[in-house]
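Encoded as structure tokens, the structure appears first; notes follow it.
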Amino acid sequence: MTAMPIVKAINASLRTALENDPKVVIMGEDVGKLGGVFRVTDGLQKDFGDDRVIDTPLAESGIIGTAIGLALRGYRPVAEIQFDGFIFPAFDQIVTQLAKMHARSLGKVKLPVVVRVPYGGGIGAVEHHSESPEAYFAHTAGLKVVTPANSADAYWMLQQAIQSDDPVLFFEPKARYYDKGEVNADAIPDPLHAARVVAEGSDLTIATYGPLVKVALEAATAAAEDGHSVEVVDLRSLSPLDFDTLQASVERTGRLVVAHEAPVFLGLGAEIAARITERCFYHLQSPVLRVGGFHAPYPPSRLEDEYLPDLDRVLDAVDRALAY
Amino acid sequence: MTAMPIVKAINASLRTALENDPKVVIMGEDVGKLGGVFRVTDGLQKDFGDDRVIDTPLAESGIIGTAIGLALRGYRPVAEIQFDGFIFPAFDQIVTQLAKMHARSLGKVKLPVVVRVPYGGGIGAVEHHSESPEAYFAHTAGLKVVTPANSADAYWMLQQAIQSDDPVLFFEPKARYYDKGEVNADAIPDPLHAARVVAEGSDLTIATYGPLVKVALEAATAAAEDGHSVEVVDLRSLSPLDFDTLQASVERTGRLVVAHEAPVFLGLGAEIAARITERCFYHLQSPVLRVGGFHAPYPPSRLEDEYLPDLDRVLDAVDRALAY
Amino acid sequence: MTVESTAGARKAPGAAKKAAARGSTKTSGSTKTRGARAARNAPAKPEIVQLLTPEGKRVSHPEYSIDLTSDELRGLYRDMVLTRRFDGEAAALQRQGELGLWASLLGQEAAQIGSGRALRDDDYVFPTYREHGVAWCRGVDPLNLCGMFRGVNHGGWDPNQNNFHLYTIVIGSQTLHATGYAMGVQKDGADSAVIAYFGDGASSQGDVNEAFTFAAVYNAPVIFFCQNNQWAISEPTDRQTRVPLYQRAGGFGFPGVRVDGNDVLAVMAVTRAALEHVRSGNGPMLIEAFTYRMGAHTTSDDPTRYRHDSDLAAWRLKDPITRLRTHLTDLDAADQAFFDAVEKESDALAKRVREGVRSMPDPGAMEMFEHIYADGHALVDEERAAFAEYQSSFVDSEGH
Amino acid sequence: MTVESTAGARKAPGAAKKAAARGSTKTSGSTKTRGARAARNAPAKPEIVQLLTPEGKRVSHPEYSIDLTSDELRGLYRDMVLTRRFDGEAAALQRQGELGLWASLLGQEAAQIGSGRALRDDDYVFPTYREHGVAWCRGVDPLNLCGMFRGVNHGGWDPNQNNFHLYTIVIGSQTLHATGYAMGVQKDGADSAVIAYFGDGASSQGDVNEAFTFAAVYNAPVIFFCQNNQWAISEPTDRQTRVPLYQRAGGFGFPGVRVDGNDVLAVMAVTRAALEHVRSGNGPMLIEAFTYRMGAHTTSDDPTRYRHDSDLAAWRLKDPITRLRTHLTDLDAADQAFFDAVEKESDALAKRVREGVRSMPDPGAMEMFEHIYADGHALVDEERAAFAEYQSSFVDSEGH
Ligand SMILES: Cc1ncc(C[n+]2csc(CCOP(=O)(O)OP(=O)(O)O)c2C)c(N)n1
Ligand SMILES: Cc1ncc(C[n+]2csc(CCOP(=O)(O)OP(=O)(O)O)c2C)c(N)n1
Ligand SMILES: [Mg+2]
Ligand SMILES: [Mg+2]
């Protein structure tokens with residue numbers, strides 16, 4: 001057991017994967033000598049060589065397209081997209097090729113490609129560096145989408161994603177990169193696609209993931225002071241989404257608030273609200289309420305504190321749900 | 001008043017636009033001599049010249065990127081993406097540039113670009129030619145998304161889209177291209193972003209758009225035979241979405257089924273279910289039910305009849321909703 | 001490449017078409033330029049590699065040569081005839097409603113057989129949707145190809161069985177897969193080569209140019225094989241480029257060569273040389289096979305809307321099969337009995353394809369839910385179960 | 001371009017760096033090649049255009065010349081000094097927490113001022129995020145540029161006021177906007193030119209290569225101006241290409257030229273010639289300005305992790321400003337009083353920028369909902385109203 005920030009946990013996980021499986025290769029812009037703009041790949045090229053930790057040309061479609069080719073040859077590429085907002089040049093390769101090739105081959109081809117994407121806001125960055133594009137990928141059949149919220153999950157979920165024979169979009173909450181947590185490299189991890197109740201409660205459930213898990217936990221604490229018992233579910237996997245765990249929670253609490261940084265309109269909260277309402281129609285004492293980004297481009301950084309769902313906005317939704 | 005198929009109504013609308021505004025240009029693959037693979041642009045290059053009806057290189061990112069540049073110079077480009085499944089190479093230009101440039105300039109730059117996309121299945125085509133990618137764009141702030149279901153709307157909504165100073169994704173239900181309807185070029189059209197009740201009813205509302213409006217109307221007729229009064233709302237605009245019209249309908253009927261060809265998971269139905277449930281929590285007698293595509297790549301054409309929501313699947317959802 | 005040599009070089013409008021009509025293979029590389037310095041250092045040798053003229057005359061080339069046995073020559077002839085026959089049968093099956101669509105390779109047999117037969121078993125092919133001749137060389141059953149055009153699957157064959165990847169419809173995307181695969185070959189220390197097919201239209205796609213960059217930077221063993229059949233659906237090549245496409249490679253730092261795509265010998269010679277080049281660690285190479293799409297783009301297309309019969313007539317004179325047949329006869333390498341036997345074999349092939357396609361069963365509805373994920377997915381399981389229940393509700397109500 | 005001239009030409013590892021260290025401008029175009037024919041027809045004249053040596057000596061070039069008045073020369077000097085000073089002030093403001101980020105142009109002043117000052121008012125510029133010097137030439141207030149790095153907006157200036165488009169962060173995408181804009185210029189029958197700036201890294205993006213294709217096919221009046229500053233963040237240029245970047249153009253059928261990007265005279269001469277070329281209806285042109293990023297990629301970057309001080313030292317000897325200053329002195333075109341005056345002016349500029357940035361107000365929260373659509377959007381209206389109500393709930397509870 002060691003306490004380490006998420007960024008180090010991912011680094012350690014990549015190192016383990018490179019050590020355990022000679023077919024694992026890391027690729028992306030600046031992942032080599034620089035160790036990535038966030039130092040996630042720090043030291044890996046030095047230790048494993050530039051044949052396994054590959055600085056690529058500046059072309060995201062090329063990164064994913066060649067990762068697919070490497071996977072077809074038997075490799076297990078872990079490709080980095082430098083920032084959330086730069087995944088779009090690769091969108092075609094991800095959606096029409098990476099997601100569909102297994103089906104196109106009737107199962108004969110497997111594409112064990114992991115696409116790592118630092119995502120989310122709150123780091124004071126310029127345009128395109130603070131986005132939450134996960135819904136585009138969760139809407140796309142053939143992809144799996146996961147996002148850890150703490151160091152242990154970062155370590156283990158990445159191990160599992162690399163071992164998976166399916167393409168996995170691995171969204172890393174970059175605003176939490178330096179949050180520390182324990183990592184036990186000998187633990188038996190939870191399944192990759194299971195949600196987890198991270199705080200128990202009986203009056204209302206908050207479902208969230210990635211960067212907002214911390215905010216949701218704070219909200220639960222604050223609500224407790226007002227006498228409200230709030231349960232928090234860290235979804236961890238967005239595709240598939242563990243509706244069973246969520247349903248069980250909502251059946252206990254009768255109320256659900258979903259929070260994410262991504263825009264509310266057609267964000268994950270929309271699907272969760274629709275499906276949980278269908279599953280728990282007679283249990284819900286209030287409509288599922290959603291807290292998230294607005295239908296606006298991510299704003300300039302001096303406005304991001306207003307834009308991002310924070311403790312107050314989550315509590316506001318909690319209050320509104322409880323008031324029904 | 002003339003009866004014409006949708007494909008001709010779009011052609012007539014483009015012709016009108018080219019005649020009325022010298023800044024309108026049409027661009028895309030094969031839009032010139034061939035008149036487009038569906039003949040939507042038939043005869044336009046001959047009559048307006050290859051300076052205004054432009055065959056482009058085979059590169060969708062290039063088409064949208066240069067359309068943006070033309071718009072910056074004061075033109076009003078109407079760009080064609082040949083098939084739904086080929087919009088993804090242009091995804092970056094659409095999502096990071098077309099959608100955001102107006103905001104980036106604090107309103108100084110306007111991008112009156114229309115992107116025409118024949119979409120949807122049911123035409124017996126090979127892979128990538130039958131998809132319904134509208135949710136990706138409706139999730140993206142800065143874009144407007146509309147889709148006509150009949151000839152009159154095809155004509156008028158395209159006029160309005162071209163006149164709009166915002167980028168508009170114009171999704172054309174290609175399986176309905178040859179359905180005929182009246183077009184009155186002297187009419188005063190409905191607002192571009194208004195939904196329309198196309199059949200009145202009191203027991204349940206079906207909300208749908210594009211290719212499935214016809215199916216929903218058939219379902220209403222079939223349900224009437226069983227003594228159920230079903231209202232059908234043609235949404236017409238997906239971003240913005242006219243929730244007021246829909247809410248009013250659901251407040252009358254108490255039940256809602258949403259149908260679209262796009263995958264259900266994070267499809268438009270998810271947002272509609274979430275929002276209508278919030279708006280009509282005490283009116284809904286059953287959860288909002290959704291009928292749509294599965295979480296699977298669009299299947300080979302010999303399976304598309306099973307995949308596509310049809311009369312039976314819509315009626316099944318109607319029955320289930322009524323049974324609550 | 002120096003600045004002057006290409007300064008302002010651009011295709012005179014219609015030059016390619018006129019050249020084609022004249023039966024000339026000279027390209028616009030040295031046509032008059034406007035407003036810029038004219039091309040200097042014009043190549044001393046013909047810009048296009050040809051070893052068999054349209055009239056079937058064997059000629060030599062200063063750089064590329066080939067020496068085939070009569071057996072091998074007859075083999076190439078047989079490949080081309082059988083491919084054409086199978087292709088024609090598939091087009092007929094489309095007209096009969098047995099296939100939803102067909103993309104004919106008519107006219108491109110030499111480009112495909114010449115390159116396909118140059119490959120080793122351990123080489124790997126990334127095709128577009130039109131490489132039926134290459135598929136034939138790799139031993140892929142023609143019926144496999146028909147499956148996707150019939151609409152019973154999206155391909156569905158095992159690429160590793162014949163080192164022939166699935167057909168790719170999104171234009172150009174396979175060139176990146178080929179490049180990545182070649183990077184893997186290189187990492188494995190193998191001397192296999194990879195070949196990516198693409199069209200003249202595809203050359204405009206960002207992906208293809210990114211593939212050029214990746215392949216060049218990593219020195220990957222991949223041949224980019226462009227079949228310039230002069231058309232991207234209705235658009236002539238001058239909508240994609242103003243200089244011959246093989247020249248694109250130079251700008252990325254690797255060699256490009258233009259070969260007469262209707263000359264199976266030249267295509268084979270050039271492909272062999274390119275394979276040698278990439279196998280030896282020199283990085284990628286571009287081959288532009290200059291050919292012509294004799295048929296429609298696909299069975300959905302109507303080429304009379306955008307091209308003239310005279311073009312077709314001119315290209316018919318350059319037919320790849322007639323050309324080799326003349327050569328075989330000239331060499332006394334084949335007699336009527338041989339030609340008859342090939343004809344008979346192609347009849348049998350056509351019959352097998354016809355019957356095979358007609359009896360190809362539709363997939364079952366539940367197959368929609370298969371092979372979406374290798375490791376499963378809860379949502380798919382849920383939807384599968386719900387659909388099965390929905391289906392069984394009919395069975396119930398109809399009482400079977 | 002012929003096949004042989006680039007056959008297998010590839011950069012010897014590290015060649016660029018070593019050449020740079022030696023102060024040589026010779027590139028790898030004619031370095032030894034492995035496994036392929038060596039380059040023939042090597043260019044007779046230097047591959048890079050230079051009119052002022054690193055030591056400040058005025059030299060001539062067979063093709064490009066320039067004749068500037070003392071006034072003009074002093075103007076260029078002033079532009080470069082003021083730009084550098086403003087750039088340095090912005091970097092300092094970032095360290096003081098006043099800006100969130102800064103992308104310094106240090107070392108690239110000549111490339112930007114030389115090209116920027118060659119433009120006419122009616123020409124149009126599409127920058128990346130680093131063209132502070134070009135912005136200066138266009139008359140864009142430096143404070144406008146600071147707004148986006150401070151995080152008060154994403155740009156927000158009116159591109160049409162100075163024909164200087166918004167900064168674009170998604171690498172390469174502006175090259176297509178520039179091409180489309182140039183297509184519009186052409187349709188309008190105007191003789192304005194468009195210039196698109198991009199980096200060496202950007203050359204790998206699909207969009208940039210698609211822009212080359214569109215511009216070439218439509219013969220659009222656009223200059224592609226690549227500032228090859230040798231780095232894309234931590235990656236040296238050999239991760240993007242194995243031949244000099246200006247050669248990319250030839251493969252698309254338009255001319256490319258490499259100019260010493262630290263020589264303001266050569267950059268101006270080459271840009272003027274290119275402008276003339278594109279204005280005269282000859283279609284696009286590519287300029288590669290060979291320069292060096294003297295600072296970090298941005299203030300977030302730590303270049304000590306990936307490059308050596310010795311490189312920096314070598315390039316410091318080629319400083320664009322020192323070079324012109326020597327030349328001005330040699331010509332007796334400027335005296336100490338002039339240099340002092342420019343220094344004073346730059347102090348004043350720095351002060352204005354410092355004060356302007358410090359007093360730049362934050363936008364109000366409700367501005368998040370503005371300018372998303374030109375014609376309005378019901379969802380935005382709804383969210384705006386809900387947020388206003390949410391905000392007022394605090395005001396209420398806190399009693400103001
Ligand atoms: C990304 C994408 N855009 C558009 C299409 C539609 N389309 C199919 S084939 C084709 C033309 C291809 O031309 P070319 O590359 O020359 O190949 P050819 O068909 O001539 O063999 C087009 C535009 C597509 N399949 N993919
Ligand atoms: C599409 C995209 N991918 C990645 C990035 C992140 N990024 C910003 S600048 C940069 C390097 C750019 O290098 P170059 O084009 O040489 O320009 P320079 O910064 O050297 O001026 C990268 C990778 C980006 N902005 N956009
Ligand atoms: Mg073609
Ligand atoms: Mg650079």
Side-chain angles (χ1 to χ4, degrees), chain A residues 60-61 85-97 99-100 102-104 127-128 131 133 135-136 138-142 239-241 258 262-282 284 286-290 293-299 324, chain B residues 60-61 85-97 99-100 102-104 127-128 131 133 135-136 138-142 239-241 258 262-282 284 286-290 293-299 324:
Chain A
E60 286 77 9
S61 191
F86 307 135
I87 198 165
F88 301 114
F91 204 75
D92 177 59
Q93 282 287 347
I94 294 174
V95 164
T96 75
Q97 305 303 316
K100 293 192 167 81
H102 181 67
R104 187 176 299 147
E127 207 186 347
H128 312 289
E131 301 179 4
Y136 296 113
H139 182 53
T140 306
S239 177
L241 210 146
V258 189
V264 165
F265 195 87
L266 282 169
L268 264 293
E271 184 60 41
I272 293 169
R275 215 165 273 256
I276 288 297
T277 305
E278 200 178 330
R279 288 190 181 211
C280 306
F281 191 62
Y282 295 118
L284 279 173
S286 83
V288 177
L289 297 186
R290 296 174 288 162
F294 301 112
H295 192 69
Y298 194 91
Y324 261 81
Chain B
E60 286 76 11
S61 191
F86 306 136
I87 199 165
F88 301 113
F91 204 76
D92 177 59
Q93 283 287 348
I94 294 175
V95 165
T96 74
Q97 305 302 317
K100 292 192 168 80
H102 181 68
R104 188 177 299 148
E127 206 186 349
H128 311 290
E131 300 179 4
Y136 296 114
H139 181 53
T140 306
S239 175
L241 212 146
V258 189
V264 165
F265 194 87
L266 282 169
L268 264 294
E271 183 62 40
I272 293 169
R275 216 164 273 257
I276 288 296
T277 305
E278 201 179 329
R279 288 190 180 210
C280 308
F281 192 61
Y282 294 118
L284 279 173
S286 84
V288 178
L289 297 186
R290 295 175 289 161
F294 301 112
H295 192 70
Y298 194 90
Y324 261 81

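Note that the structure is a prediction, hence the values are computed from the model and not measured. A note on names: the letters A, B, ... follow the listed sequences, proteins ahead of strands, and every chain is numbered from 1.
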Please look at [X] and chain B and tell me whether the side chain, the backbone, both or neither of the residue comes under 4.5 angstrom of a heavy atom of that chain.
| X | answer |
| --- | --- |
| Leu268(A) | both |
| Ala135(A) | both |
| Ser239(A) | side chain |

Need one label for [X]: side chain, backbone, both or neither, based on atoms under 4.5 Å from any heavy atom in chain A.
| X | answer |
| --- | --- |
| Gln93(B) | neither |
| Phe281(B) | side chain |
| Val288(B) | backbone |
| Ile94(B) | neither |

Can you name the closest pair of heavy atoms from [X] and [Y] and give their distance?
| X | Y | value |
| --- | --- | --- |
| His139(B) | Phe265(A) | ND1-O, 2.7 Å |
| Ala138(A) | Leu266(B) | CB-CD1, 3.6 Å |
| Ala141(B) | Pro297(A) | CB-N, 4.0 Å |

*Where does the angle between the aromatic ring planes of Tyr324(B) and Tyr282(A) fall among parallel (under 30°), tilted (30 to 60°) and perpendicular (over 60°)?*
tilted
*Taking the six-membered ring for Trp, are Phe91(A) and Phe88(B) parallel (under 30°), tilted (30 to 60°) or perpendicular (over 60°)?*
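Rings of Phe91(A) and Phe88(B): tilted, as their planes differ by 30° to 60°.
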*For Glu271(A), what residues pass the salt bridge (Lys or Arg N to Asp or Glu O under 4.0 Å) criterion, not counting sequence neighbours?*
Arg275(A), Arg290(B)
*CA sep, side-chain torsions, deciding dist, call: Lys100(A), Glu127(B), side chain to side chain contact (heavy atoms under 4.5 Å, CB included)*: CA-CA 10 Å; Lys100(A) 293 192 167 81; Glu127(B) 206 186 349; 3.5 Å; yes
*Among the options Glu60(B), Arg104(B), Glu131(B), His128(B), pick out the one with the most heavy-atom pairs lying under 4.5 Å from chain A.*
Arg104(B)
*Just give me the residue among Leu241(A), Ile87(A), Thr140(A), Thr277(A) that pairs up with chain B most often, heavy atom to heavy atom, under 4.5 Å.*
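Top option by heavy-atom pairs under 4.5 Å: Thr140(A).
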